Amino acid sequence: MQYELIRKVLERRDWGGAARVAGWVRTRRDSKGGFSFLELNDGSCLANLQVVAETALANYQTEVLKLFPGSSVAVEGVLAPSPGAGQLLELRATSVTVFGFCEPTAYPLQKGRVSFEVLREIGHLRPRTNTFGAMSRIRNTLAMATHSFFQEHDFLYVHTPIITGNDCEGAGAMFQVTTLDVGNPPRRPDGAVDYAADFFGRRVNLTVSGQLNGETHACALGRIYTFGPTFRAENSNTRRHLAEFWMIEPEIAFADLADDAALAEAFLRHLFQQLLARCRSDLEFFQKQLDPALIGRLETLAVAPFLRMSYTEAVAALRSSGQTFEFPVQWGCDLQAEHEKYLTEVLAKGPVIVTDYPREIKAFYMRQNADGRTVAAMDVLLPEVGEIIGGSQREDRLDVLEARMRGCGLNPELYSWYLDLRRFGSVPHAGFGLGFERLVQFCTGLANIRDVIPFPRTPGNAAF
Ligand code: 4AD
Ligand code: MG
């Protein structure tokens with residue numbers, strides 16, 4: 001590489017040493033003393049490098065004075081301690097080479113804050129803001145920490161398909177994939193669309209979860225995880241739902257629900273520890289801008305045990321809370337955001353793992369408990385974002401699973417390969433799915449999930 005990262009340059013103290021950097025100008029200030037300050041950012045860290053450009057530069061009048069926010073340059077110069085407040089060092093330019101000028105009246109990212117709503121309209125430029133730079137670095141660190149955690153714990157990374165004929169969650173709401181002419185599809189004699197003529201010879205959709213495929217590998221290789229995009233066509237326009245989001249799904253053989261919960265807790269703890277160790281200045285930025293309690297909360301979670309309670313206990317706690325909820329609580333109802341909020345923010349003042357939900361509100365693959373009315377499910381709830389993880393021990397008894405599928409209106413014949421895992425050497429196994437964007441929300445304090453993924457897909461919006 002020809003250029004040194006600004007993050008590295010800012011660590012140097014060898015005054016008089018040469019440095020060569022490249023980046024985008026954030027601001028230019030012209031001093032009366034006959035020189036200009038350029039604040040240069042290259043995305044390697046939150047901080048800018050202060051460049052001092054003197055009038056003696058050959059292109060000072062013709063080019064440097066035309067460098068407005070957003071323009072791109074390479075600078076060669078000499079490091080010096082900075083006499084000004086706010087930075088320790090500066091780069092005294094011996095040459096400034098312009099890559100691209102930036103028209104000041106047209107460029108939307110001038111000095112000063114632009115609202116998150118407006119930034120969503122300029123998704124191609126928002127990576128140039130402090131907020132998106134910091135979010136992107138945090139997202140990257142959490143992704144790498146995911147791999148380091150599972151790799152250190154002997155999990156295999158398995159790539160599950162994006163196009164699939166299965167419906168893992170059995171909840172409808174899927175995006176269909178087809179190469180048929182939707183305006184004029186081939187039809188069977190009874191008038192129904194003839195999917196035998198479609199690309200895959202059958203009806204397929206974008207995956208809602210890699211779990212069912214993941215189970216095949218856990219039931220052969222022991223411990224696996226997936227980390228990939230998942231898709232849900234629910235029409236939910238909330239600040240924590242996307243139509244395309246990334247999910248991390250570990251699956252472990254010879255494991256029960258308690259093992260699953262312990263894994264989830266250890267995983268989250270590792271993520272918070274890595275983030276605190278690697279992204280200090282980005283976290284400090286979000287703490288200052290959005291959430292004064294951010295770092296303290298991550299530090300607590302990095303060491304404190306998570307509260308565990310059964311669904312039945314959670315319902316009892318909600319009913320005796322004295323709170324009035326928009327959705328009244330009774331045994332059998334699904335927990336709503338307001339209920340999760342009470343459990344995490346008021347009752348536990350931290351994360352809660354709720355286990356053993358009523359069978360009727362959970363997916364077909366969850367293992368039925370001996371009480372005949374609950375399943376070995378768990379949700380991990382976090383303050384602010386609510387459900388971040390959903391998981392369970394899997395139903396490993398063939399007859400019980402088949403009966404449950406029929407009860408859910410699913411045809412077991414369409415899941416014969418999944419049932420084979422129970423026919424041929426069935427083992428107790430468990431797993432969970434963590435919504436990656438909700439994790440990034442929790443770790444940044446960004447309130448809207450549209451602001452923690454590079455290009456959000458939500459109902460009515462697939463721009464960029
Ligand atoms: O609870 P869910 O639906 O669980 C599953 O899909 C299981 N198959 C996972 C498993 O056991 N392997 O989804 C898991 C997580 C949720 O807890 C939530 O964090 C996130 O995925 N999630 C979403 N995130 C953003 N937008 C959406 N529309 C989401 N739906 C679920
Ligand atoms: Mg769930």
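Residue numbers start at 1 and run along the sequence shown. Everything quoted here is computed from the prediction, not taken from an experiment. One-based numbering, in listed order, for ligands and for the atoms of each.
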For atom 19 (O) of ligand 1, the closest protein heavy atom turns out to be I388 O, 2.8 Å
Within the 4.0 Å heavy-atom cut-off, what Y225 brings close to ligand 1 is neither
Sub-3.5 Å N/O-N/O distance, G435 and ligand 1: yes
Salt bridge flag under 4.0 Å for residues K8 and E4: no
Using a strict cut-off of less than 4.0 Å between a Lys/Arg side-chain nitrogen and an Asp/Glu carboxylate oxygen, indicate whether E437 and R240 qualify as a salt bridge. no
Side chain or backbone of E437 under 4.0 Å from ligand 1, or both, or neither, by non-hydrogen atoms? neither
R203 with D198: basic N within carboxylate O range, under 4.0 Å: no
Show the numbers, then the answer: is there a ring pair (Phe, Tyr, Trp, His ring centres under 6.0 Å) between F267 and F150? CA-CA 8 Å; F267 174 41; F150 288 116; 4.8 Å; yes
Taking 4.0 angstrom as the limit and counting only heavy atoms of Y365, give me the atoms of ligand 1 inside it, by number and element. 7 (C), 8 (N)
Do R394 and ligand 1 have an N or O pair less than 3.5 Å apart? yes
May I have the step-by-step check of ring pair (Phe, Tyr, Trp, His ring centres under 6.0 Å) for F442 and F272, ending in yes or no? CA-CA 10 Å; F442 182 75; F272 299 140; 5.7 Å; yes
Indicate yes or no: does an N/O atom of I449 lie under 3.5 Å from an N/O atom of ligand 1? no
Considering the heavy atoms of G390, write down every atom of ligand 1 situated less than 4.0 Å from one of them. 1 (O), 9 (C), 10 (C), 11 (O), 17 (O)
Considering only non-hydrogen protein atoms, determine which one is nearest to atom 18 (C) of ligand 1 and report residue, atom name and distance to 0.1 Å. R438 NH1, 3.5 Å
How about F325 and H339: are their ring centroids closer than 6.0 Å? yes
Identify the closest protein heavy atom to atom 13 (O) of ligand 1: which residue and atom is it, and at what distance? R232 NH2, 3.8 Å
For ligand 1, which atoms, with element, lie under 4.0 Å from some heavy atom of E234? 28 (N)
Can you report which non-hydrogen protein atom sits closest to atom 24 (N) of ligand 1, along with the distance? F245 CD1, 3.5 Å
Looking only at N, O or S atoms in E387, which is nearest to the Mg ion (ligand 2)? OE2
among protein heavy atoms, the one nearest atom 5 (C) of ligand 1 is E169 OE2, 3.4 Å
Would you call E395 and R397 a salt bridge, using N to O less than 4.0 angstrom? yes
Quick check, are the ring centers of Y157 and H159 under 6.0 angstrom apart? yes
Taking NZ, NE, NH1 and NH2 as the nitrogens, is one of them in R394 or E251 under 4.0 Å from a carboxylate oxygen of the other? yes
I need the nearest protein heavy-atom contact for atom 15 (C) of ligand 1: residue, atom name and distance, please. G433 O, 3.6 Å
Please state whether R240 comes within less than 4.0 angstrom of ligand 1, counting heavy atoms only. yes
Just need the protein heavy atom nearest to atom 12 (N) of ligand 1, so name the residue and atom and give the distance. E249 OE2, 2.7 Å
Atom indices of ligand 1, in the order listed, that fall short of 4.0 Å to a heavy atom of S209: 6 (O), 8 (N)
Look only at interatomic distance and state if H241 has a nitrogen or oxygen under 3.5 Å from any nitrogen or oxygen of ligand 1. no
Using 4.0 Å as the upper bound for N to carboxylate O, is an ion pair formed by D42 and R7? no
Does a side-chain N-to-carboxylate-O contact under 4.0 Å join R269 and E265? yes
shortest atom 1 (O) of ligand 1-to-protein heavy-atom contact is with E387 OE2, 3.1 Å
Regarding R422 and the six-membered ring of Y418, is the cationic atom NZ or CZ under 6.0 Å from the ring centre and inside 45° of its axis? yes
